[in-house]
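Data first, discussion second: the structure below is written as structure tokens.
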Amino acid sequence: MAKPLELINVRDLTICESTGQMITKARNDGVELFFDRANATKACPIGEKSACCKHCAMGPCRMNVNSPYDRVGVCGATADTIVARNFGRMVAAGTAAHTDHGMAMLELFRDVISGKVTDYSIKDPIKLFEIAGSLDIVTEGRDIKDVAMDLYHELEKTYTQVEGEIPMVKRVPKKTLEHWRAAGIVPRGAMREIMEMMHRTAMGVDQDYVNITKQISRTALADGWGGSMVSTDISDILFGTPSPVEVEVDMGVLKEDYVNIIIHGHEPNLLESIIVSAADPTLKEAAINAGAKGINLVGMCCSGLEAMSRHGLPHAGNFSSTEAVLVTGAVDAMTVDIQCIQQGLQKVADFYDTPFITTNYRAKIEGALHIQLHEHEPRECTDEIVIKAITRFKTRKRPVQIPRNKATGVHGFSFEYINYMLGGSFRGSYTPLNENIINGRIRGVAGVVGCTNPRSKQDYSHVELVKELIKNDVLVLQTGCSQMALAKAGLTGPGAAALAGPGLAEVCETVGMPPVLGLGSCVDNSRILIAASEMVKVGGLGDCIADLPAAGCAPEWMSEKAIAIGQYFVASGVYTIFGHTFPMMDGTKFKKHLFEELEDLGFGKWGFANDPREMARLMIAHIDKKRVQLGIDKARERVLTDMADRRSLDATA
Ligand code: BF8
Ligand code: SF4
């Protein structure tokens, strides 16, 4: 008889109190969550290190993880070829996810301009003109519709362009772009790059890991400076560019006496429409007639980040909490679209009688109810979801148990807002940021982003890493599920400045910003690229992104999308650390190429660490190395001495 599985102590699975409470409740209710499935399904040691090739029927061929050069595949493929090809396919998949999402947003934009879709409109014409101008589209004296249609045609190239550079590379710092040109990695349209990546990694094609790496970078850049960037910009134009808003987060935002609807996924169009449905007087009245006080819309994952940044909607939690939130019994409907929707949600929703509704033809789930969102008639779908939720509220069968935890933070920092915040409305500028980096008050900038993963204690590495960084005067920019980890821990409010080092705290106080800036969903990592670009353009910090005192980290990643993001940051010039696991055999030349040689070639490089303090140490050491190269290390020493002097004066006063 199989030995019963020993359950892992909840404290070792998550630092999120609410999720912990719901794991315990699920276990008591006899419901299996992915934390326990991860424990029962040990990661395959060969797959974990990407040491298997199944690209043809002469295989699958398996390498020796501990000694990669012991053997080769049947076709003679070496360990380097095999890991590089597998890595390339992860980047292709991640890039495909972001670009397909971006292309859907662009198609919606086209249909709004042409009048085919009337439920959405252009909310930010200023951004429309700015982006059009930055791509050399004539805007002066022209009708908004004409400019918008020209912009649509220009941006379509991001996806379909067969030859030549995609439009958004016009926003890349000159020297970084020249470097890409010399290396032959300036992206064409994403469709072309993904196609070529898949071709070159098929059996018997590209078998030189250095050459494969070039296509890996080119494909990833088609995501960061292409599909993702267009997705962010078009979403801002259609739904509004975010500006800071105070938001409540964590499962305590669910309300027992309201109809609770969770919006989970990635595309902002569904949530924009469901907001309108929930405000409809007839549906509001129906909710009240059902005995509820109202309708409570709550976001999760990246949809939730889009909703909170643009509308101040509450957010219940990140990826690792999506099953757990259903265990409260308080969710009257969960609606999902694309990406990071675990199939396991269906079974949990079923147990707690929660309607689990898919809305995008690309992502149906066996057993879930599918209500297709049609953009020309979005209310048909979203009204129906609200009605289903009201019915479920009326017939709730199980007792509701909502964790009481709730935190408040400030979110919705776009590139544009940071510009305004630092420079004021008349002279919006990144100059004060650069000045404070040069004078040493801010040591550098870090992007802390990405997923949570049931094989890694939820939120722990995100929170500890960010605390360590801000303590050392590193300004932190955040996106994705990482942003929610910090929000729940209360580090996205201005109060977090108290945890920052003296230099960063002083700047935060002067500008009135928190030391941790939430920039939105995962496609919004493009906002970090644009911010980095601006820092280079403003001057004083070198002349390419690789010169900046900056680093990135995804400490608890799980998705192929994260690998694509990591690679576009590396190719753009950023040292990028991943935690918890890395899909690559140790001791291979390919790993050395990504982790060391790319930096020598003028790019960023990959890094790996398991402990958040070690991650912080590596990032800070890199930032300090860049400060020395820029000749600004002495300025920081002076600032620190000044501060020490001031403190000792204060102490003697
Ligand atoms: O795109 S951070 S778990 S929700 S992949 Fe997914 Fe990872 Fe969350 Fe958004 Ni991003
Ligand atoms: Fe094996 Fe080569 Fe086929 Fe891969 S491509 S499965 S290494 S024979």
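For ligands, and for the atoms within them, numbers begin at 1 and follow the listed sequence.
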Item checked: ligand 2 contact by Arg62, heavy-atom criterion under 4.0 angstrom -> no

### Query
When you check the gap from the basic side-chain N to the acidic O, do Glu464 and Lys457 get nearer than 4.0 Å?
no

What lies under 2.8 Å from atom 4 (Fe) of ligand 2, restricted to protein N/O/S atoms, is Cys53 SG

Consider only side-chain N and O atoms of Asn318 and Gln458, and report whether a donor and an acceptor are under 3.5 Å apart.
yes

Within a distance under 2.8 Å of atom 6 (Fe) of ligand 1, the protein atoms of type N, O or S are Cys340 SG

Scan side-chain atoms only and decide if Ser18 and Asp250 contain a donor-acceptor pair under the 3.5 Å cut-off. yes

Looking only at heavy atoms, the pair that brings Gly227 and Tyr159 closest together is O-OH, 3.5 Å

Distance-only side-chain donor-acceptor flag, Asn360 / Asp337, under 3.5 Å: no

Item to check | Aromatic ring pairing Phe578/Trp557, orientation class (parallel under 30°, perpendicular over 60°, tilted between) | outcome: tilted

Correct closest heavy-atom pair for Ile545 and Ala532 would be CG2-CB, 4.4 Å

For Gly450, the ligand 1 atoms with a heavy-atom partner under 4.0 Å come out as 2 (S)

Between the side chains of Arg527 and Asp236, is the shortest nitrogen-to-carboxylate-oxygen separation below 4.0 Å, so that they form an ion pair?
yes

**Request:** State plainly whether the residues Arg85 and Asp206 are in salt-bridge range, i.e. N to O under 4.0 Å.
**Result:** no

* At a 4.0 Å cut-off, with the gap strictly under it, does some heavy atom of Ser521 reach an atom of ligand 1? -> no

Minimal heavy-atom distance between Thr19 and Ser321, with the atoms involved, is OG1-OG, 2.8 Å

May I ask you to check whether Ser235 and Glu306 show a side-chain donor-acceptor distance below 3.5 Å?
-> no

